[in-house]
Q: 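Sharing a structure with you now.
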Amino acid sequence: YEKLYGRRAHAHLTVTAAMHRELMYKWEVQGAISTLYDRPQSHFKKLDLEEIHEFLTRFDLEEIISKQSIGANFLPPSSTTSTLLTTKPSSDTPAKYRSDRPILIVSSTSWTADEDFSILLKAAEQYDQAADKTSKNKFPKLVFIITGKGPLKDKYEREISKISLKNVRIVTTWLSAEDYPLILGCADLGISLHKSSSGMDLPMKVVDMFGCGLPVCAIKFDCIGELVQHNKNGIIFNNEE
């Protein structure tokens with residue numbers, strides 16, 4: 001029905017150039033085709049240090065990490081004037097990044113077979129091994145926050161619990177629609193393991209990450225290059241290497 005009636009339409013909207021070509025050459029539609037790329041909503045934005053400190057004072061990342069059976073020696077020393085990433089000695093002084101803070105990396109997922117999180121787990125292990133072989137503090141500590149719900153969540157949480165890493169922590173949590181753009185606004189890097197089943201649509205999570213000013217590491221599939229430009233606004237990768 002889509003092909004039968006689609007050919008008769010006066011105009012067509014697509015979200016990628018790949019979809020545009022599909023309609024033009026395989027469906028042979030007659031109407032005009034326009035490609036309109038998704039854009040992030042206005043509340044997806046990079047937070048300044050005061051906003052990061054305020055959010056992380058409320059949203060206690062240290063508690064989330066500790067509850068997921070992670071050794072306290074990984075975390076920088078906490079105090080009433082500091083968060084995992086920031087410190088603000090008094091209300092009259094500006095917030096600033098802690099010198100001992102970890103790098104915060106965020107990924108969102110629906111925990112389906114479309115996203116192979118074993119790639120991230122293997123990459124984390126490789127990073128941890130490399131960090132162990134170098135001088136102290138040459139490699140920063142990494143904290144991965146993975147948010148979302150889905151059928152494979154329990155499976156990957158069991159795999160994460162079996163990994164013993166010194167320099168990397170991977171935690172899973174559910175973030176509300178209000179808090180998700182704020183954690184992205186705090187982060188240093190975004191990760192996308194989504195592969196389009198059609199090869200003609202782009203992950204909205206990457207659009208949101210770009211809205212928050214994040215570079216993004218995205219797994220390669222047919223049209224991801226329309227969104228992530230390798231070595232410009234992110235990196236496109238094939239595997240954990």
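Numbers for residues simply follow the sequence, beginning at 1.
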Q: Parallel, tilted or perpendicular: which one describes the rings of Phe117 and Trp111, with boundaries at 30° and 60°?
A: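 Because their plane-to-plane angle lies in the 30° to 60° range, the rings of Phe117 and Trp111 count as tilted.
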Q: Does any non-hydrogen side-chain atom of Leu104 lie less than 4.5 Å from one of Cys186?
A: yes
Q: Give, for atom CG of Asp128 and atom CZ of Arg169, the distance between the pair rounded to the nearest 0.5 Å.
A: 8.0 Å
Q: Applying a strict under-4.5 Å side-chain criterion to I, L, V, M, F, W and Y, I'd like to know whether Leu36 and Val15 cluster together.
A: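 In one cluster with Leu36: Val15, no.
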Q: Heavy atoms, side chains only, cut-off 4.5 Å: are Ile224 and Pro203 in contact?
A: yes
Q: Do any N or O atoms from the side chain of Glu115 and from the backbone of Thr109 form a donor-acceptor pair under 3.5 angstrom?
A: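 Side chain of Glu115 to backbone of Thr109: no pair is present.
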Q: Determine whether Met24 and Val29 make a side-chain contact, defined as any pair of heavy atoms from C-beta on separated by less than 4.5 Å.
A: no
Q: Hey, is the main chain of Leu56 close enough, under 3.5 Å, to the side chain of Thr83 for a donor-acceptor pair?
A: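 No, because the side chain of Thr83 does not come within donor-acceptor range (under 3.5 Å) of the backbone of Leu56.
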Q: Is Ile33 reachable from Trp27 through a run of I, L, V, M, F, W or Y residues, each pair having side-chain heavy atoms under 4.5 Å apart?
A: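 Same cluster.
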Q: Do you know the tightest heavy-atom contact between Ala9 and His12?
A: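 Smallest heavy-atom distance, with atoms named: CB-CE1, 3.5 Å.
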Q: How long is the gap from CG on Leu47 to CD1 on Ile52, to the nearest 0.5 Å?
A: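 These two atoms lie 5.5 Å from each other.
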Q: Indicate the atoms forming the closest heavy-atom contact of Gly199 with Ala18, along with that distance.
A: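 Heavy atoms of Gly199 and Ala18 come nearest at O-CB, 4.1 Å.
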Q: Does Lys46 come within less than 4.0 Å of Glu51, counting only side-chain N to carboxylate O?
A: no
Q: Determine, stepwise, if the pair Thr35 / Thr14 fulfils side chain to side chain donor-acceptor pair (under 3.5 Å).
A: CA-CA 5 Å; Thr35 299; Thr14 69; 2.9 Å; yes
Q: Set out, in order, the CA-CA distance, both residues' side-chain angles and the distance that settles side chain to side chain contact (heavy atoms under 4.5 Å, CB included) for Ile183 and Thr147, then state yes or no.
A: CA-CA 10 Å; Ile183 199 69; Thr147 178; 5.8 Å; no
Q: Are any non-hydrogen side-chain atoms of Ile146 and Val171 less than 4.5 angstrom apart?
A: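 When only atoms from C-beta onward are counted, Val171 and Ile146 do not touch, as no gap falls below 4.5 Å.
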Q: Do Ser107 side-chain atoms and Ser192 backbone N/O form a donor-acceptor pair below 3.5 Å?
A: no
Q: Does Gln30 have more than 12 heavy atoms from other residues, nucleotides or ligands lying within 6.0 Å of its CD?
A: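 Incorrect, the count does not exceed 12.
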Q: Under a 4.0 Å threshold between the charged nitrogen and the carboxylate oxygen, would Asp188 count as salt-bridged to Arg101?
A: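 Result for this pair is yes, salt bridge flagged.
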Q: For the residue pair Asp38 and Met204, what are the closest heavy atoms and their distance?
A: CB-SD, 3.7 Å
Q: State, yes or no, whether a side-chain contact exists between Cys223 and Leu202 at a heavy-atom distance under 4.5 Å.
A: yes
Q: Taking Leu84's backbone N and O only, do any of them form a donor-acceptor pair with Glu62's side chain (distance below 3.5 Å, no angle check)?
A: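 Such a contact is found between Glu62 side chain and Leu84 backbone.
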Q: Tell me whether Tyr37 shares a hydrophobic cluster with Leu23, the cluster being built from Ile, Leu, Val, Met, Phe, Trp, Tyr side chains joined at under 4.5 Å.
A: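 Different hydrophobic clusters.
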Q: Under 4.5 Å between any side-chain heavy atoms of Ile103 and Val143, yes or no?
A: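 They are not in contact (no side-chain heavy atoms under 4.5 Å apart), so the answer is no.
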Q: Please report the interatomic distance CD1(Ile170) to CG(Leu165), rounded to the nearest 0.5 Å.
A: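 Reported value, rounded in 0.5 Å steps: 6.0 Å.
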Q: Counting only N and O atoms by type, is there a donor-acceptor contact under 3.5 Å from the side chain of Asn233 to the main-chain atoms of Leu227?
A: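 Yes, because the side chain of Asn233 sits within donor-acceptor range (under 3.5 Å) of the backbone of Leu227.
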Q: One pair to check against salt bridge (charged side-chain N to carboxylate O under 4.0 Å, His left out): Arg58 and Glu54. What are the steps and the verdict?
A: CA-CA 7 Å; Arg58 172 177 64 82; Glu54 180 181 353; over 6 Å; no
Q: Once salt bridge (Lys or Arg N to Asp or Glu O under 4.0 Å) is applied, do any residues pair with Glu50, and if so which ones, sequence neighbours excluded?
A: Lys88
Q: To the nearest 0.5 Å, tell me how far Ile219 CD1 sits from Ile119 CD1.
A: 3.5 Å
Q: How long is the gap from CD on Gln229 to CD1 on Ile235, to the nearest 0.5 Å?
A: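 It comes to 13.5 Å.
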Q: Minimum heavy-atom separation for Asp201 to Thr16, with atom names?
A: CA-CG2, 4.1 Å
Q: With no hydrogens and no angle check, just 3.5 Å: does a side-chain donor-acceptor pair link Thr86 and Arg98?
A: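 No, no side-chain donor-acceptor contact under 3.5 Å.
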Q: Between Asp92 and Ser90, does any side-chain donor sit less than 3.5 Å from a side-chain acceptor?
A: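 Ser90 and Asp92 do not have a side-chain donor-acceptor pair below 3.5 Å.
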Q: Within the 3.5 Å criterion, strictly below it, is a donor on Ser108 or Tyr180 matched to an acceptor on the partner's side chain?
A: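 Checked: Ser108/Tyr180 side chains pair up, N/O donor to acceptor below 3.5 Å.
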Q: Under 4.5 Å between side-chain heavy atoms, hopping through other hydrophobics if needed: is there a path connecting Phe55 to Ile145?
A: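 Result: yes, single cluster for both.
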Q: Would Tyr156 and Asp116 satisfy side chain to side chain contact (heavy atoms under 4.5 Å, CB included), going step by step from the backbone distance to the final call?
A: CA-CA 10 Å; Tyr156 281 113; Asp116 184 2; 3.5 Å; yes
Q: Roughly how far apart are Leu189 CG and Phe144 CZ, rounded to 0.5 Å?
A: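 Those atoms lie 7.5 Å apart.
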Q: Around Lys45, counting heavy atoms of other residues, nucleotides and ligands shown, do more than 12 lie under 6.0 Å from its NZ?
A: no
Q: Quick check: do Ile191 and Val216 have side-chain heavy atoms less than 4.5 Å from each other?
A: no
Q: Show your working on side chain to side chain contact (heavy atoms under 4.5 Å, CB included) between Lys166 and Asp132 and close with a plain yes or no.
A: CA-CA 8 Å; Lys166 295 180 181 178; Asp132 269 352; 3.6 Å; yes
Q: What pair of heavy atoms forms the shortest contact from Ala131 to Phe139, and how long is it?
A: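 So the two residues come closest at CB-CB, 3.7 Å.
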Q: Is there a side-chain contact between Lys220 and Phe237, using heavy atoms and a 4.5 Å cut-off?
A: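 No; the side chains remain at least 4.5 Å from each other.
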Q: Which atom names give the shortest non-hydrogen contact between Pro89 and Thr81, and what distance separates them?
A: O-CG2, 3.6 Å
Q: So if you build clusters from Ile, Leu, Val, Met, Phe, Trp, Tyr with side-chain heavy-atom gaps below 4.5 Å, do Leu184 and Phe59 land together?
A: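 Linked, Leu184 and Phe59 end up in one cluster.
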Q: Are any side-chain N or O atoms of Asp114 and backbone N or O atoms of His194, one a donor and one an acceptor, separated by less than 3.5 Å?
A: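 No; zero donor-acceptor contacts below 3.5 Å.
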